[in-house]
Amino acid sequence: MKRVIKNSPLFLSLCILVLFAGCRKELGVIPPETTQVMAPGSYGGGLDFYLLNEGNMGSNHASLDYFNHQAGTYALNIYERINPDVTLGLGDVGNDLKIYGGKLYIAVNGSGKVEVLDKYTGVKLCQILVDNCRKLAFWKSKVLITSYKGFVGVVDTSRLLNGAGSVSLDNQIPVGREPEGLAVSGDKVYVANSGGYSPPIYDKTLSVIDLLTEHVQKSIVLGVNLNDVQKDDFGHIIVSARGNYKDISPSFYVIDSATDKLIKQVAIPLGNFTIQGNLMYYFTSPYNQDGTLSGQVNYGRFNLKTLSGVQGSFLAEDVMNLIKIPFALAVDPVDNKILISDAGDNTTPGTLYWIGNNGEVLWKVRTGEIPGHIAFLE
Amino acid sequence: MVLRRKSVKNRIQTAGLGLLVGLFLASPFCAVGQSAANDSAWQNQKVAVMLAVDTLQPIIDSIHKLQDVKVHTAILPEVLTCIDPVQIITRAQPTWQDGLSVSDMVRYFSGVQLKDYGGVGGLKTVNVRSLGTRHTAVLLDGLPLENAQNGQVDLGRYGLSDLGSISIYKNQNSQIFQAATAFASSNAIYLESRLDQLDSLHPAKASINLQTGSFGLLNGAFYGSTRLSKVWQMQGSISVLRARGNYPYTYTNGVYDTTLKREGGDVKRYIGRISLYGQFKDSSSLSLTAYGFRRQMGLPGAIVSNKFSNKERQDESDYYLQASYLKPIGGNDHLKLQFKYNHSYLKYSNPDITRLYVSGGDTIAAPLTNHYRQSSYFFSGANIYQLTSDWQVDFSADLHYDHLNMDLNGKAHPSRWTTYAAVASKLALGRMHLAGNLLYTAVKDHQQIKNDWISQSKFSPSLSASWQPFKTNALKFRAFYKRSFQMPTFNDLYLTQFNQTALRPENSKQYNLGLYYFLSWPGFLKTLLIEADAYYNNVQDKIVAIPTTSLFRWQMVNLGLARIKGLDFTAKTSWGIAEWIFLTSLQYTYQDARDYTDPGSVTYKNILPYIPKHSGSFTLSAVNKHFGVNYSFIYDGERYSERFNSLVSYVPAWYTHDLSVSYGWTLAKNIKAKLLFSLDNVLNQHYDVIENYPMPGRNFKLGMQFEF
């Protein structure tokens with residue numbers, strides 16, 4: 001034995017192996033990272049909000065952040081700590097985030113699911129299985145989900161109980177190709193069809209679904225590559241179009257929801273927009289006509305009552321220069337604070353800016369990858 | 001035991017490796033002291049080792065002869081002639097017999113990161129010294145394997161049955177008599193075909209390899225060579241590989257612990273090849289090769305929450321014809337002419353996506369299917385002239401033409417002309433050797449979307465030196481400097497639809513300083529080889545894909561500056577105990593590769609994606625007349641999947657232990673047989689090399705070989 005120890009290269013390599021065995025650490029549950037962004041209690045009448053970071057495709061890096069207005073803290077990546085037993089976590093490419101009733105809904109595109117969480121605790125109740133899901137809307141007790149598979153999925157909230165596991169859809173209403181945004185008005189839902197899988201043969205239609213019968217009532221031909229749909233307080237449906245990245249520029253359309261007739265087409269190339277009271281806040285697409293990045297972005301407002309533009313920018317000049325690729329946009333319904341995110345170069349963490357009424361940054365914080373969607377906890 | 005989750009604060013890794021290197025270095029010297037000298041036994045075993053190592057038989061040109069020399073020197077490097085850092089694995093090395101593809105061997109090299117997407121079919125590319133995949137050229141018998149589409153060569157495509165050796169040069173082959181293309185990349189992997197020495201006593205040779213293993217693996221290969229006349233020799237090979245790839249994998253965060261089976265990882269691969277070699281009276285020689293490849297496989301995709309399978313598929317085929325002619329002109333001048341035609345076809349399909357196609361005026365909806373057809377022509381001429389016995393000069397000029405036809409989003413048929421011209425020289429001044437070259441590259445692109453031309457031209461120099469301070473031939477210092485650049489590929493330029501004509505090439509600069517030390521003794525420990533190289537690289541204008549706001553649109557940009565400091569260390573020993581010969585090999589790589597793009601950015605000075613600080617391998621082989629035992633250990637340290645280093649992008653270290661045993665015997669006169677069993681990833685460690693692409697756990701292979 002002694003001889004073996006002295007001479008054998010085998011013995012030596014065994015020793016080496018033992019050393020190597022200590023060279024691997026696995027992470028386990030990743031804890032949230034909390035930043036104090038404002039003094040505790042200094043935002044008395046404000047609202048908490050959730051922010052969904054999309055994460056790059058295939059990375060499984062979608063993540064959820066939470067702003068606590070009383071504590072003045074911003075917590076990155078809260079999902080895994082609250083729901084450590086969900087295999088591989090929130091998932092791949094978070095595309096939409098909405099609060100309805102007592103629940104928080106998150107559409108996770110690459111994971112083919114809509115996560116249903118308790119809106120206060122963030123605890124997962126169950127999930128809805130929808131292949132290639134994109135955007136969420138709600139009508140009475142129904143959850144409506146667009147899917148690139150060419151339908152709007154419907155599921156009743158009474159089925160979304162704690163512990164229900166994976167819930168399949170009650171109905172799939174066929175619409176146009178690769179539907180994106182959708183908005184409910186009365187008993188109708190308006191669905192923007194993009195046709196994005198088949199360039200240059202884009203879809204041009206807005207599907208109008210009668211929710212009582214769950215059938216498409218009509219298709220309104222609007223413009224190339226429709227994207228987002230939102231409703232305002234004046235009976236308008238606002239539909240943005242991305243254009244064809246060649247000769248047709250992005251623009252947006254205003255539809256009268258009573259008659260389903262086009263009222264106006266506005267030649268503003270919307271990147272993203274949000275509606276608060278009389279105003280639509282928007283920024284223009286950071287891409288040139290041919291699809292290259294321009295860096296020239298306008299941050300403007302549009303009056304929906306008068307259907308005319310508002311002079312000036314909602315951001316101060318120096319703030320505009322800070323933002324590389326603006327992405328999420330939301331306005332706090334309580335005191336009109338503006339939230340705007342910068343996706344940076346889309347491959348590294350983004351930044352969230354909290355903008356005061358004079359257009360200056362009140363605080364900013366590092367987010368996850370591609371901060372995309374915000375929901376206020378009212 | 002090893003798989004158990006450890007706390008974040010538990011960091012031992014660097015200490016472990018450091019100690020390892022120390023232990024390993026100390027051991028041979030201890031052994032020397034103990035062993036008694038026995039000259040004749042030492043000589044016998046040395047020959048045995050040589051025989052065990054050598055199967056690469058040179059018959060054609062001087063490159064093959066040099067290759068042969070290098071093969072010997074890989075383990076017994078007394079006659080090492082190479083100025084530049086080189087590593088070689090030959091088919092005689094026991095690790096070879098366990099492998100299926102070139103990628104399985106590349107893992108053993110130092111300074112190399114194999115990017116492996118898992119399974120037999122998963123994409124396998126290399127990143128040498130953190131410069132990026134596109135900076136590595138892969139040459140088969142001196143001619144480039146090209147992929148004009150994305151600039152990376154999948155090393156899982158190439159089987160091992162018809163190859164003799166694989167070598168990697170951290171700059172370029174110091175054998176300057178080669179195609180100008182070989183000077184053009186930052187580093188290069190050379191694949192050399194297997195070539196048998198035939199004579200009138202042994203006019204034909206053949207071998208059959210059969211392998212089966214876990215996850216539906218079946219592999220069969222036939223190789224044969226025959227002497228047609230005094231001048232001509234023919235050889236051919238055929239190999240068929242099939243794998244189901246349905247291996248189990250596990251993901252856990254300590255709370256959930258989910259084990260699933262990989263789906264859609266099936267692969268079928270067929271390779272056929274026939275070559276004709278002629279050696280003429282005037283010492284000129286000719287080689288002609290026809291090669292065919294077909295692979296059909298699933299693309300199992302990333303494993304993400306709630307999505308554990310993927311229906312994408314890929315069907316590819318590749319054909320080439322190549323010819324190489326070598327002629328001595330007078331005593332001091334040699335001419336080499338080479339030609340290659342290559343056609344490759346790739347069909348990608350995704351039944352999960354339905355899109356519209358316009359066909360004959362009708363619009364039809366069908367599952368997404370893309371076709372890529374690439375034709376490449378390659379001509380090369382090289383001339384080497386021996387000015388004095390110590391001084392050689394080479395002129396090489398190449399012309400490439402690549403044409404790609406693809407049916408994505410409208411029609412795009414880009415084509416590219418590339419001209420390389422190089423002047424290279426090699427000079428011996430006593431114990432000092434110098435080599436250098438200057439390469440001129442001119443690229444012209446034509447694409448029919450906008451009907452315009454893009455052109456680029458550039459000079460790139462390289463200089464290498466080695467110096468032996470002592471006559472004893474044991475110690476050698478070496479250094480090199482090299483500049484090179486890589487053009488944007490067709491994918492970079494045209495796939496994104498945005499016609500980024502402003503995209504600049506990627507530039508790299510490399511500085512290397514190293515030493516080489518060889519010792520041999522009569523007795524117990526036979527040989528010791530130590531090589532260490534420290535280097536500094538920088539890469540500018542890296543071409544990166546960034547997503548835009550739409551899922552379908554990506555944009556290519558020139559991004560940044562990366563600085564890489566590193567160390568490659570190799571130690572090899574051979575030992576003799578009774579009838580056994582032991583070989584050990586230790587490779588260790590340290591890399592500090594960081595992003596220096598933007599001082600204001602959160603990624604500034606972060607570690608580049610998928611570059612571990614520490615990585616290495618250790619192999620131990622023991623062979624006697626009948627038995628062979630091989631153990632190998634591969635370690636890749638912790639790293640990050642993204643440019644921003646955080647807990648979210650953290651990818652844990654991994655290591656595998658692989659074991660194999662073989663038994664060889666003489667079945668009948670002129671028939672040798674060998675039975676081989678191997679067990680890979682013995683501890684069944686579940687790991688990802690690339691995040692979300694799980695690797696197989698414990699698996700076995702059983703093989704049978706016959707040599708005629």
Side-chain angles (χ1 to χ4, degrees), chain A residues 6-7 9-10 12-13 15-17 19-30 56-61 63 77 80 84-92 108 110-113 127 131-132 177 196-201 242 245 271 287 290-293 327 345-349 366 368, chain B residues 2 5-6 8 10-13 16 19-20 23 27 31 251 253-256 258 302 304-307 353 355-356 358 363 368 409-410 497-498 500 546-550 552-553 555 575 582 584 601-603 618 620 631 633 635 637-638 641-644 647-648 650 652-655 691-692:
Chain A
K6 267 186 178 173
N7 292 339
L10 260 168
L12 186 76
S13 53
C15 296
I16 291 167
L17 294 188
L19 286 171
F20 261 115
C23 305
R24 185 173 208 243
K25 64 163 193 204
E26 291 208 40
L27 287 179
V29 178
I30 300 172
N56 273 300
M57 215 182 211
S59 72
N60 202 39
H61 286 176
S63 64
N77 203 18
E80 196 181 352
D85 54 338
V86 178
T87 296
L88 295 169
L90 186 54
D92 192 38
V108 192
S111 292
K113 64 174 177 181
Q127 63 185 18
D131 250 12
N132 220 335
R177 288 182 289 128
Y197 278 152
S198 314
I201 320 167
R242 284 195 179 115
Y245 306 96
Y287 298 94
D290 64 353
T292 56
L293 209 58
F327 203 55
D345 59 13
N346 278 323
T347 58
T348 52
R366 173 164 60 77
Chain B
V2 206
R5 186 168 59 86
K6 296 191 179 66
V8 176
N10 186 5
R11 296 170 154 263
I12 331 174
Q13 65 273 35
L19 200 53
L20 189 155
L23 257 178
S27 59
Y251 281 110
N253 67 347
V255 181
Y256 66 78
T258 305
V304 298
S305 177
N306 201 43
K307 191 164 185 268
I353 290 180
R355 62 157 294 169
L356 297 183
V358 179
T363 306
L368 175 68
N409 312 338
Q497 232 191 16
F498 292 156
Q500 289 283 331
I546 65 166
T548 67
T549 47
S550 160
F552 325 105
R553 317 192 75 78
Q555 193 178 16
W575 316 59
F582 292 88
T584 67
S601 143
V602 286
T603 62
F618 171 74
L620 170 72
Y631 162 76
F633 173 83
Y635 176 85
E638 57 183 7
S641 63
E642 293 186 351
R643 287 169 54 223
F644 179 66
L647 293 178
V648 173
Y650 178 87
W654 60 267
Y655 49 88
E691 194 182 30
N692 306 331

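Below, chains carry the letters A, B, ... as their sequence lines are ordered, and counting in each starts from 1.
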query: chain A heavy atoms under 4.5 Å from B/Val602: which part of the residue, side chain, backbone, both or neither?
result: side chain
message: Please rank A/Gly91, A/Pro84, A/Gly58 by heavy-atom pairs under 4.5 Å with chain B and give me the top one.
response: A/Pro84
field: Between A/Val108, A/Ile30, A/Asn77, A/Asp131, the one whose heavy-atom pairs under 4.5 Å with chain B are most numerous
entry: A/Ile30
message: Is any side-chain heavy atom of B/Tyr635 closer than 4.5 Å to one of B/Phe618?
response: no
query: Does A/Asp92 reach the main-chain N or O of A/Asn60 with its side chain, forming a donor-acceptor pair under 3.5 Å?
result: yes
message: Taking side-chain hydrogen bond (donor to acceptor under 3.5 Å, both in side chains) as the criterion, tell me which of B/Asn253, B/Thr258, B/Asn306 meets it with A/Thr87.
response: B/Thr258
- prompt: Under the 3.5 angstrom rule, does the side chain of A/Asn56 hit a backbone N or O of A/His61 as a donor-acceptor pair?
  reply: no
task: Go through the atoms of A/Ser63 and report whether side chain, backbone, both or neither lie under 4.5 Å from a heavy atom of chain B.
output: neither
field: Backbone N/O of A/Ser111 and side chain of B/Ser305: donor-acceptor pair under 3.5 Å
entry: no
message: Quick check for you: among A/Gly112, A/Ser59, A/Gly368, which has the greatest number of heavy-atom pairs under 4.5 Å with chain B?
response: A/Ser59
